[in-house]
Protein chains: 2
Amino acid sequence: MAAGENITIKDIAEKCGVSVTTVSRVLNDKPDVNDETRSKVLKVIEESNYRPNGMARSLVINQTYSIGLIIPDINNPYFPEVARGVEDQAQNSSYSVIFSSTDNKLEREQEVIDLMLQKRVDGLIVSLSLANKDILKRLESKKIPVVQLDRRIPDSIYPAVMIDNQRSAYNAVKFLIDEGYKRIAHITGNLQTVPGQDREDGYRKAILDNDLRLAEDMIIEGDFSKQAGYDAMNQMIERGNLPEAIFAANDMMALGVLEACRQAEIRIPEDLVLMGHDNISISNLVYPALTTMAQPKYKLGREASKMLIDLINIKQKKGSLEKEDLFADQILETKLVKRSSTARF
Amino acid sequence: MAAGENITIKDIAEKCGVSVTTVSRVLNDKPDVNDETRSKVLKVIEESNYRPNGMARSLVINQTYSIGLIIPDINNPYFPEVARGVEDQAQNSSYSVIFSSTDNKLEREQEVIDLMLQKRVDGLIVSLSLANKDILKRLESKKIPVVQLDRRIPDSIYPAVMIDNQRSAYNAVKFLIDEGYKRIAHITGNLQTVPGQDREDGYRKAILDNDLRLAEDMIIEGDFSKQAGYDAMNQMIERGNLPEAIFAANDMMALGVLEACRQAEIRIPEDLVLMGHDNISISNLVYPALTTMAQPKYKLGREASKMLIDLINIKQKKGSLEKEDLFADQILETKLVKRSSTARF
DNA sequence: CTGAAAGCGCTAACAA
DNA sequence: TTGTTAGCGCTTTCAG
């Protein structure tokens, strides 16, 4: 109650009748402290409810034990799980995480990175908009540890933790083919993005590898939004030329397909089977539950966090961070999750 | 490329041939600097790509411009939107936010608060597990600005930003009554929590106020989980005594009800109308779309953030924070969102 | 309008 | 085993 003032290491030292150095030593678990002294100091610390000032400490050791997480939008169903993975792993090493949503706006990305740099975060986990290599270049020249998440900016030396979108899409389509479907349509993601492009490539490759006919009118361009899926499905309905199966580039679009089908009284999976990608939590809650390729979202976050902290440790040890110190990209596997939307009995 | 070393205010001062004081002045937009000097310094800063060290600054001004956000789980569909609100508002005032998930574990709450206190966050937005008043008491004695979010720990002096759960539930049930339903069941939330209790109270009050029969077997205890909703619905089905309408204490449980009904071939809304609470994003994506009471999640986050920053400013100005400085609770309105699950044509 | 000097709370040689 | 002394990079009196 009494004072509002923060109590400092000096206060503790005085109360114990020792020097601040000694207190600092017990605070940091250094050897070379008499057991009696140590326990006395510990006792006073405990009684005073003292917490060392992290900023003062950071200032001298030149390390803040915080990392920045920069993503498009924490509200996007993909990211909360990733964020949780980042956080859990960070906590393991006593790091805190500062997060920021950018809405893929270049300007915002710039701002928040600047802010974090001023706060002297030890490193950054970023999911940046494409063609933003300038920012990364600046980071490189400052030797800031960075790992990219989910997306990879071509041209950057920083490692990425992500999935193999092409391979994953390939496997999705391969599954559909193995189930016996031949006329398989694809609703693409935003083709301005690498995942959008790669997933389409995977679709094409799977069709060709399996000697099916690659019909361009079976590929409809979307943009990862639910509306795009809805529109694409209606387009197919109008054309009166329904496929046997649809692979939507993500779950959100698949939900749009679902809605359009419901309105047109097309039954899924009886009349048409449907598959998404990502396994966002919703996909198991809709009816029929969506078959999809599950991204290991939590693990992506965890691994990115782990890699970043490793990088930070290397930098601390060597006193700098060179290109050779950076790790290779880490590609995690997606997993097929079979649910009712492809289940014909 | 050259050095990895961070450039400091001293470097800038030397390059300009002025003192660090002067550089500091232009950095902080102080008056009393010759225009020529100012622009020269600005130029050098720009050229050197210099960013002042926030920690050093914080150490002397005793303010970090970061706030902590402590929630049960960023993965819970309720929180990402709240978090985004907190962040957007914080950003407006150039604050960063450090977040942590606690899974409602007392021990974790303790840990992360300690960590944030060491980092000297300027204030905290918390959504703590019940009966955790000890933590808040400690915070009070340290004069840390805190605002509670979504939940309010009884006994704490800290203000909360939340909704009126009882009133909201009341309005939900009132809507059902106005639609002409008389036999209305309620699946409760976790009754160990205040929102769980309050929503049940609201249900009871609405039934009684409108001269309907309050049947205890129409109230089934749940815990906010989808499974609980599923189980509750099946229990009603087994009893063979279906209500005309169900008010589930949250959307997740309503989803469970939906699934049970599908399996039992009970049609919604034709055979039974259903209503949830919260308006999590999923509720508009399932079929039939869920009627619900929408929590202003984004706004809750924003308002909490705003209130906290106001508190911080008061503390800075006065040099301390007293009980009288704290604001009153802020209660935001929920809003009825009508969708197909209650729409009979 | 500008600078010298002290100090924020801590750690890290270097002595003792 | 302990203490003295310098800083870390910045802001802020207080003099000029």
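Just so you know, these numbers come straight off a predicted model, no measurement behind them. First the proteins, then the strands, lettered A, B, ... as listed; each starts at 1.
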Inset, instruction - Show your working on side chain to side chain donor-acceptor pair (under 3.5 Å) between B:Glu109 and B:Ser129 and close with a plain yes or no. - result: CA-CA 8 Å; B:Glu109 294 178 345; B:Ser129 56; 3.1 Å; yes
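Between B:Asp114 and B:Arg138, at least one side-chain N (NZ, or NE/NH1/NH2) sits under 4.0 Å from a carboxylate O, which counts as a salt bridge. Salt bridge annotation for A:Arg84-B:Asp103: present, with a cationic side-chain nitrogen under 4.0 angstrom from a carboxylate oxygen. In summary, A:Glu47 and A:Lys43 engage in a salt bridge, as defined by a charged side-chain N under 4.0 Å from a carboxylate O. Using a 4.0 Å cut-off between a side-chain N of Lys or Arg and a carboxylate O of Asp or Glu, A:Arg25 and A:Asp32 do not qualify as a salt bridge. Under 4.0 Å is where a charged nitrogen must lie from a carboxylate oxygen, and between B:Glu322 and B:Lys143 at least one such pair does.
Contacts with DNA chain C (heavy atom under 4.0 Å) in residues 42-58 of chain A: A:Tyr50, A:Pro52, A:Asn53, A:Ala56, A:Arg57, listed by number. Remark: B:Val60, B:Ile61 in residues 60-68 of chain B come within less than 4.0 Å of DNA chain D through at least one heavy atom. Within residues 22-38 of chain B, the residues that have a heavy atom under 4.0 Å from DNA chain D are, in order of number, B:Ser24, B:Asn28, B:Lys30. Non-hydrogen atoms lying under 4.0 Å from DNA chain C are contributed by B:Val18, B:Ser19, B:Thr21, all within residues 13-21 of chain B. Taken residue by residue, residues 112-123 of chain B places no heavy atom nearer than 4.0 Å to DNA chain C.
Protein atom NZ of A:Lys40 is 11 Å distant from nucleotide atom P of D:dT2, rounded to whole Å. Taking atom NZ of B:Lys10 as the reference point, atom C1' of C:dA4 lies 14 Å away to the nearest angstrom. Counting to the nearest Å, the P atom of D:dC8 and the CD1 atom of B:Ile9 are 14 Å from each other.
The shortest non-hydrogen separation linking B:Asp325 to B:Ser320 is OD2-O, 4.1 Å.
Checked by atom type, the side-chain pair A:Tyr50/A:Asp11 shows no donor-acceptor distance below 3.5 Å. A side-chain donor from one of A:Arg108 and B:Gln91 sits under 3.5 Å from a side-chain acceptor of the other.
Using modelled atom types, no side-chain atom of B:Lys142 and backbone atom of B:Lys137 make a donor-acceptor pair closer than 3.5 Å. Side-chain atoms of B:Ser156 do not come within 3.5 Å of backbone N or O of B:Ile153 as any donor-acceptor pair.
The local environment of NZ in B:Lys10 is sparse, with at most 12 non-hydrogen atoms from other residues, nucleotides or ligands closer than 6.0 Å.
In this structure, the side chains of B:Arg38 and B:Val33 come closer than 4.5 Å at one or more pairs of heavy atoms.
Screening A:Leu42, A:Val41, A:Ile9 against A:Leu27 for a side chain to side chain contact (heavy atoms under 4.5 Å, CB included) leaves a single residue, A:Ile9.
Residue pairs meeting the salt bridge (Lys or Arg N to Asp or Glu O under 4.0 Å) criterion with at least one partner in residues 89-101 of chain B, sequence neighbours excluded, do not occur; the list is empty.
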